[in-house]
Asks: 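Let me begin by handing over the structure; questions about it come next.
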Amino acid sequence: MLRILLVLSLAIRASSYTVYSVKDSYLRNDFLDWDWYSSSDPTHGRVNYVTKSTAIAENLTDATDTTFRMRADTKKMLSPSDPGRDSIRISSPTAYSESVFILDLWHMPTGCATWPA
Ligand SMILES: *[C@@H]1O[C@H](CO)[C@@H](O)[C@H](O)[C@H]1NC(C)=O
């Protein structure tokens with residue numbers, strides 16, 4: 001399970017200290033409006049990124065009043081020639097440079113083949 005609260009702040013430099021202000025925040029089903037990447041993995045990993053509609057249909061994502069979840073497929077049997085396990089890759093609609101990101105996660109995947117970036 002993954003719940004994400006992301007608050008993005010931009011740094012505004014003052015003479016001796018840095019002041020941050022919230023520029024964007026994303027909660028729960030806001031992530032459904034992010035950009036869903038479904039082309040081949042640019043890092044050549046063994047993964048099959050799916051569209052948002054496929055992710056919803058395959059129960060790889062869901063959003064409720066309190067959570068947004070992303071999952072990788074754990075049910076399909078893959079053959080060696082398959083591109084990889086169905087998974088999700090999303091990006092914020094805005095690109096940021098000098099920023100601070102704050103995440104509130106219930107669970108961050110760890111272990112082999114996970115790459116929370
Ligand atoms: C979606 O997957 C989660 C995690 O495996 C599971 O708890 C839930 O029951 C599934 N929902 C449906 C509709 O299959």
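Both counts, for ligands and for their atoms, begin at 1 and track the order of listing. Both backbone and side-chain heavy atoms feed into the values below; hydrogens, waters and symmetry mates do not.
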Asks: Any idea which protein heavy atom is nearest atom 12 (C) of ligand 1, and the distance to it?
Replies: Asn59 ND2, 3.2 Å
Asks: Measuring centre to centre across the rings, with the benzene-like ring taken for any Trp, is Trp34 within less than 6.0 Å of Tyr26?
Replies: yes
Asks: With side chain to side chain donor-acceptor pair (under 3.5 Å) as the criterion, how do Asp86 and Tyr49 come out once you've worked through the C-alpha distance, each side chain's angles and the decisive distance to 0.1 Å?
Replies: CA-CA 6 Å; Asp86 286 354; Tyr49 293 119; over 6 Å; no
Asks: Is Arg28 salt-bridged to Asp65, cutoff N-O under 4.0 Å?
Replies: no
Asks: Give a yes or no on whether a salt bridge exists between Arg46 and Asp82, defined as a side-chain N under 4.0 angstrom from a carboxylate O.
Replies: no
Asks: From atom 7 (O) of ligand 1, is the closest protein heavy-atom distance below 4.0 Å?
Replies: no
Asks: Please state which protein non-hydrogen atom is closest to atom 4 (C) of ligand 1 and give its distance, to 0.1 Å?
Replies: Arg71 NE, 3.3 Å
Asks: Measuring from non-hydrogen atoms of Arg69 to any atom of ligand 1, is the shortest distance under 4.0 Å?
Replies: no
Asks: Between Arg71 and Asp62, is there a side-chain N and carboxylate O pair less than 4.0 Å apart?
Replies: yes
Asks: Looking only at N/O atoms, are Lys75 and ligand 1 under 3.5 Å apart anywhere?
Replies: no
